[in-house]
Amino acid sequence: KNQVEQSPQSLIILEGKNCTLQCNYTVSPFSNLRWYKQDTGRGPVSLTIMTFSENTKSNGRYTATLDADTKQSSLHITASQLSDSASYICVVRVGGANNLFFGTGTRLTVIP
Amino acid sequence: DGGITQSPKYLFRKEGQNVTLSCEQNLNHDAMYWYRQDPGQGLRLIYYSQIVNDFQKGDIAEGYSVSREKKESFPLTVTSAQKNPTAFYLCASTRHINYNEQFFGPGTRLTVL
């Protein structure tokens, strides 16, 4: 069964600290994995995409990693800011037109 | 400004009423999608459309209907047949059906009273 699981469900960190969010998937065949940021009451916005051949990709303070062998991805946020408070959603695409599998998200709260 | 818009932002409905959620995009994207988001669950696909005058059921289409008469518009009707309609509804679009990145609208929160 194709699944995408994220952990933790929620996380609270102090401003300026780093954190890492996890995404494990059982999707097959794997095409790519994308991380989205969703502010409360808004639509998700893409942060980064990882393809099979990529191990690490950075977008400012966000760094995503992918281990295709263990089917795991992580999103590392460096020097967190209050504006990082949001839900982070992992989405995995299977080969095919509309085969997207969404994780349930990690709710991150950054406190001063 | 190019983008995807949804209206209204908040919508209240009495049981037994149909309501229509608007989704408009000026990105010239061929494909459009409707998702439902509930607390603690991943986004679930309701309907999608690859091209004008064409649409397909997603995973949870029962109680919903759509139309795609214009490329830029993909309205969703939540009918009285939908037993648990209270949710956050997200519309998205992509350049074409096989294009990877989905651009999302700001969402509509529907509450049934």
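Note that the structure is predicted; figures quoted are calculated from it, not measured.
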* Asked: Tell me, side chain or backbone of Gln41(B) under 4.5 Å from chain A's heavy atoms, or both, or neither?
  ->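 Contact with chain A: backbone only.
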* In terms of heavy-atom proximity below 4.5 Å to chain A, should Gln6(B) be classed as side chain, backbone, both, or neither? ->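 Gln6(B) has no heavy atom closer than 4.5 Å to chain A.
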* **Leading residue by heavy atom contact count with chain A [cutoff under 4.5 Å; candidates Leu90(B), Asp38(B), Leu43(B)]** =>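 Most pairs with chain A among the choices: Leu43(B).
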* Most heavy-atom pairs under 4.5 angstrom with chain A, which of Gly105(B), Ala92(B), Gly42(B), Gly58(B)? ->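 Option with the greatest count: Gly42(B).
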* Asked: What distance do Tyr35(B) atom OH and Phe102(A) atom CZ have between them, rounded to the nearest 0.5 Å?
  ->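 Tyr35(B) atom OH to Phe102(A) atom CZ measures 4.0 Å (nearest 0.5 Å).
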Tell me, side chain or backbone of [X] under 4.5 Å from chain B's heavy atoms, or both, or neither?
| X | value |
| --- | --- |
| Tyr36(A) | side chain |
| Asp39(A) | neither |
| Gln38(A) | side chain |

Non-hydrogen atoms of [X] and [Y] that approach each other most closely:
| X | Y | answer |
| --- | --- | --- |
| Ser73(A) | Trp35(A) | OG-NE1, 3.0 Å |
| Met32(B) | Lys71(B) | SD-O, 3.6 Å |
| Ile4(B) | Cys23(B) | CD1-SG, 3.8 Å |
| Thr94(B) | Gln102(B) | CG2-CG, 3.4 Å |

* **Full working for side-chain contact (heavy atoms from CB on, under 4.5 Å) between Asn55(A) and Thr65(A)** => CA-CA 5 Å; Asn55(A) 298 118; Thr65(A) 66; over 6 Å; no
